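The structure presented is a predicted model; accordingly, all values stated were derived computationally and were not measured.
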Amino acid sequence: MNEALFLTMLQKALMLMMIISAPILLSAIVVGLAISIIQSVTQIQEQTLTFVPKIFAAVLVLIVAAPWMIDIFTSTTKEMFEYIKVFIS
């Protein structure tokens with residue numbers, strides 16, 4: 001296996017992982033920040049208060065973005081298999 005092609009495939013796999021996980025993580029961060037600001041303003045220091053809204057936001061984003069995530073995943077997987085075909089022949 002060519003080292004450059006292996007590194008390219010590894011880079012694509014890592015980028016795919018970051019692209020797919022970014023919407024869920026960003027929504028959880030934004031919701032957590034908003035809840036933290038509300039907690040600061042109201043002086044409610046309950047640690048478990050941010051847990052449920054973060055999960056709800058992450059699940060909501062996952063439901064909305066699932067078709068896009070599946071599309072990106074399948075297209076990148078097809079591209080990776082094309083690279084494998086090049087190696088074999």
Side-chain angles (χ1 to χ4, degrees):
M1 180 180 277
N2 187 359
E3 291 177 13
L5 194 52
F6 174 75
L7 290 175
T8 301
M9 288 178 64
L10 182 64
Q11 180 183 10
K12 285 191 177 288
L14 291 174
M15 286 299 295
L16 175 68
M17 180 182 62
M18 289 190 299
I19 289 170
I20 287 178
S21 65
I24 297 170
L25 293 174
L26 288 176
S27 68
I29 289 171
V30 168
V31 168
L33 182 63
I35 297 294
S36 296
I37 291 172
I38 291 170
Q39 282 181 329
S40 306
V41 170
T42 60
Q43 295 182 353
I44 299 173
Q45 297 303 322
E46 180 63 33
Q47 295 295 324
T48 59
L49 188 61
T50 62
F51 187 70
V52 174
K54 279 185 192 179
I55 289 180
F56 182 70
V59 169
L60 185 66
V61 168
L62 182 62
I63 290 169
V64 170
W68 171 76
M69 290 176 179
I70 291 171
D71 183 46
I72 293 230
F73 184 77
T74 54
S75 65
T76 306
T77 303
K78 287 177 185 176
E79 186 179 332
M80 294 278 199
F81 281 129
E82 291 299 321
Y83 281 140
I84 292 172
K85 280 184 187 178
V86 170
F87 283 138
I88 293 173
S89 58

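Annotation for Leu14: hydrophobic cluster partners, listed by chain and number, are Leu10, Met17 (ILVMFWY side-chain heavy atoms under 4.5 Å, direct or chained).
When side chains are defined from C-beta on, Gln39 counts as touching Thr50, because their heavy atoms get closer than 4.5 Å. Counting heavy atoms from C-beta outward, Thr8 and Tyr83 have side chains that approach closer than 4.5 Å. Residues Gln11 and Leu16 have side chains not in contact (no heavy-atom distance under 4.5 Å, counting atoms from C-beta outward).
Contact record, Ser27 with Ala57: OG-O, 3.9 Å, taken as the closest heavy-atom pair.
By the 6.0 Å contact criterion, CE on Met80 is enclosed, its count of non-hydrogen atoms from other residues, nucleotides or ligands being greater than 12.
Atom CD1 of Ile20 is separated from atom CG of Leu62 by 11.0 Å, given to the nearest 0.5 angstrom. Within the model, atoms NZ of Lys54 and CD1 of Ile24 stand 14.5 Å from one another, a figure rounded to the nearest 0.5 Å. To the nearest 0.5 Å, the span separating OG on Ser21 from CE on Met69 amounts to 8.0 Å. If you take CZ on Phe73 and CD1 on Ile19, they are separated by 13.0 Å, rounding to the nearest 0.5 Å. A distance of 11.0 Å separates CD1 of Ile72 from OG1 of Thr77, quoted to the nearest 0.5 Å. In this structure, NZ in Lys12 is found 13.0 Å from CG in Leu7, a value given to the nearest 0.5 Å.
Both Ile63 and Ile55 are assigned to one and the same hydrophobic cluster, defined by single-linkage of ILVMFWY side chains at heavy-atom distances under 4.5 Å. Note: the hydrophobic cluster containing Leu26 does not contain Met18 (ILVMFWY, side chain heavy atoms under 4.5 Å, direct or indirect links).
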